[in-house]
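Predicted model, so just to flag it, every value in this text is computed and none were measured. One is the number of the first residue; the rest follow in order along the sequence. Counting starts at 1 for both ligands and their atoms, following the listed order.
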Amino acid sequence: MAPSDPTIDPPADAPVETTADPTSDPAASDRDTFADLGLRDDLLTELSRLGYEEPTPIQREAIPRLLAGVDLVGQAATGTGKTAAFALPILDGIHRDDAPIPTALIVVPTRELAVQVSEAMHNYGRSSKIRVLPIFGGQPIVKQLKELDRGVHVVVATPGRAIDHIRRGSLKLEGIRTVVLDEADEMLDMGFMEDIEAILDATPEDRQTVLFSATMPPRIAKIAETHQNDPETVRIRTTKAETANPRIRQTVYMVLRSHKASALGRILDIESPTSAIVFCKTRTDVDELTVTMNGRGYRAEALHGGMDQNQRDRVMARLRDGTAELLVATDVAARGLDVDTLTHVVNYDVPSAPESYVHRIGRVGRAGREGVAITIAEPKQRRLLSNIERLTKQTITVAKIPTVADLRAKQVDVTVAAVREALTADDLEDYYSVYNELKGEASDRDIALAALRMVHLARGATLDEREIPDASEWKDNKGKKGPKGKGRDRHDRGNDRPKGKRREPSGDTGYVHINLGRKVGVRPGDLVGAIANESGLSGADIGPIRISDHYAVVGVPEGNVEDVIRSMRATSVRGKKAKVRRYVE
Ligand code: AMP
């Protein structure tokens, strides 16, 4: 499919926009690799170690601008690679022997995001020993004070805790050169506007200010206008509708990250593709998934940019002649690839740009054939999926992860079909001697069942007994906690929550009493932030809020009252330990 909408270089004074499709942006053609963006060698090495093959569109546009020191407004959702877009330029400005004083402050809405951004920066800056510290409410402040005292280069903080440390003097701001507001719309929704303004006011005026947000409501524009200096705007623009081939059946399955591999296996077991290509984001993911799928009995081959031409040719030959049935690949490696026999395309990750989705799934459904496009997504990636639907003007059907019963039924179908076919064979009599040996040892029925068992198992009918939790009913609740315990792993950002936990507009409101009020400086944003962070509710679920001198009363969905009380047990608000109990009017 030809890329659309060649971008015109904007006039010098116009806000800069990017298209989501790197191949359609002539200005971006000399920014194909991370090295083209002007990043330091040690960072390039780390990126390649992490298996990143090329920059995503937002990285392509944001990184050179941030390296040049301009202020930036970036419109990008989770999954577009926005973290690296602001993290890499910051790390580029910090050197191995630099004194550990904070030069960058990244403000994020939730502790999960604070930890995630810190981990990413730590990984990218590993070889230059850059010290990154997440600070957020709920964690003992003493530990954070100690770390800040030892010295760090970058601080990633939630707004309330950042203010706490600024007031205590433990977070030194004199050296801050860059402030990033990540997921700014989310922070505003959670009531952090005042805190953000206070943080910006407290940092050096000549700092670089970077604002990332998935949406651009007027309040965000207001922050940009007040606190940024001539900012450039970079946004993933989805301009011209590129429609995907209507012969392609498009389906998305929603699961938590920890279940993606088993979900892929289950889906492929049901779909039984003749040959499929599975797209992953990084080389590392490609290698890992190839091993996993081979372990599940698929003949899978890896294809990525780290392989030389000979290796690639061999892999392609194996796919073409049917020796391999799955090709696990990065976008870069699969560019231009054309295989007639492909029946399925799988997006193991939602692509970071909608146009890549169209390009990826365009590998099937060629020459009038039918094709299947399967996407495995995490609930937090719904926004990326909506962008894709808007661009393609097509709906991607959300399907439920097949259950164990579905799998069994499919396996029975396959065995039945195989036996039916065998029944038509004209050499059945050749096997009479085998039957004759067994006759009389057991009933004919049992002999038939034993033979069927062998066929069934030989056809790879595994005893895959685990149900895979389906997350299609879960709300995309950015940065919030999901259910605890079962079904979660430490990688889940914790922003997935069953729909049932949300308060419907007509739902009952219960109240919690918090023993802290105006006297200790508590403001609505502190309470919304603390409750949202600790309990997993979204800002919109919390309220009304009444703050008196010595206490506050906050409305939360009635069904969540106990949860909120439990989760706030070890929490501090404005540096004071909060005691929370149910409040009955
Ligand atoms: P983010 O949008 O920052 O939440 O990033 C989404 C995911 O994409 C993270 O798992 C990153 O590790 C990954 N990622 C970011 N940039 C790239 C890239 N250029 N190539 C491959 N993966 C990336």
Original post:
CD1 of I106 to CZ of F86: how many Å apart, nearest 0.5 Å?
Top reply: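 CZ of F86 is found 5.0 Å from CD1 of I106.
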
**OP:** State the OG1-CD distance between T80 and Q75, to the nearest 0.5 angstrom.
**Re:**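 Between T80 OG1 and Q75 CD, I get 10.0 Å after rounding to 0.5 Å.
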
Taking only heavy atoms of [X] into account, list the atoms of ligand 1 that are under 4.0 Å away from them.
X   : answer
G79 : 1 (P), 2 (O), 4 (O), 6 (C)
F34 : 19 (N)
T80 : 2 (O)
E54 : 18 (C), 19 (N), 20 (N)

Short N/O distance, under 3.5 Å, between [X] and ligand 1?
X    : value
Y124 : no
T83  : yes
T78  : no
Q116 : no

Original post:
Given P55, A77, G81, which one has a non-hydrogen atom that is nearest to atom 5 (O) of ligand 1?
Top reply: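 Considering heavy atoms of P55, A77, G81, the nearest to atom 5 (O) of ligand 1 sits in G81.
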
Original post:
Between Y357 and E389, does any side-chain donor sit less than 3.5 Å from a side-chain acceptor?
Top reply: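 E389 and Y357 do not have a side-chain donor-acceptor pair below 3.5 Å.
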
Original post:
Between D71 and R207, is there a side-chain N and carboxylate O pair less than 4.0 Å apart?
Top reply: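 No, D71 and R207 are not salt-bridged.
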
Original post:
Can E53 and K281 be counted as an ion pair, charged N to O under 4.0 angstrom?
Top reply: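 No salt bridge links E53 with K281.
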
**OP:** Just let me know how T282 lines up against ligand 1, side chain, backbone, both or neither, with a heavy-atom cut-off below 4.0 Å.
**Re:**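 Only the side chain of T282 comes within reach of ligand 1.
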
Original post:
How are the rings of Y52 and Y124 set relative to one another: parallel (under 30°), tilted (30 to 60°) or perpendicular (over 60°)?
Top reply: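 Ring orientation of Y52 relative to Y124: perpendicular.
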
**OP:** Report yes or no: is the cationic atom of K260 (NZ for Lys, CZ for Arg) closer than 6.0 Å to the six-membered ring centre of Y348, at no more than 45° off its axis?
**Re:**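 Ring-cation test returns yes.
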
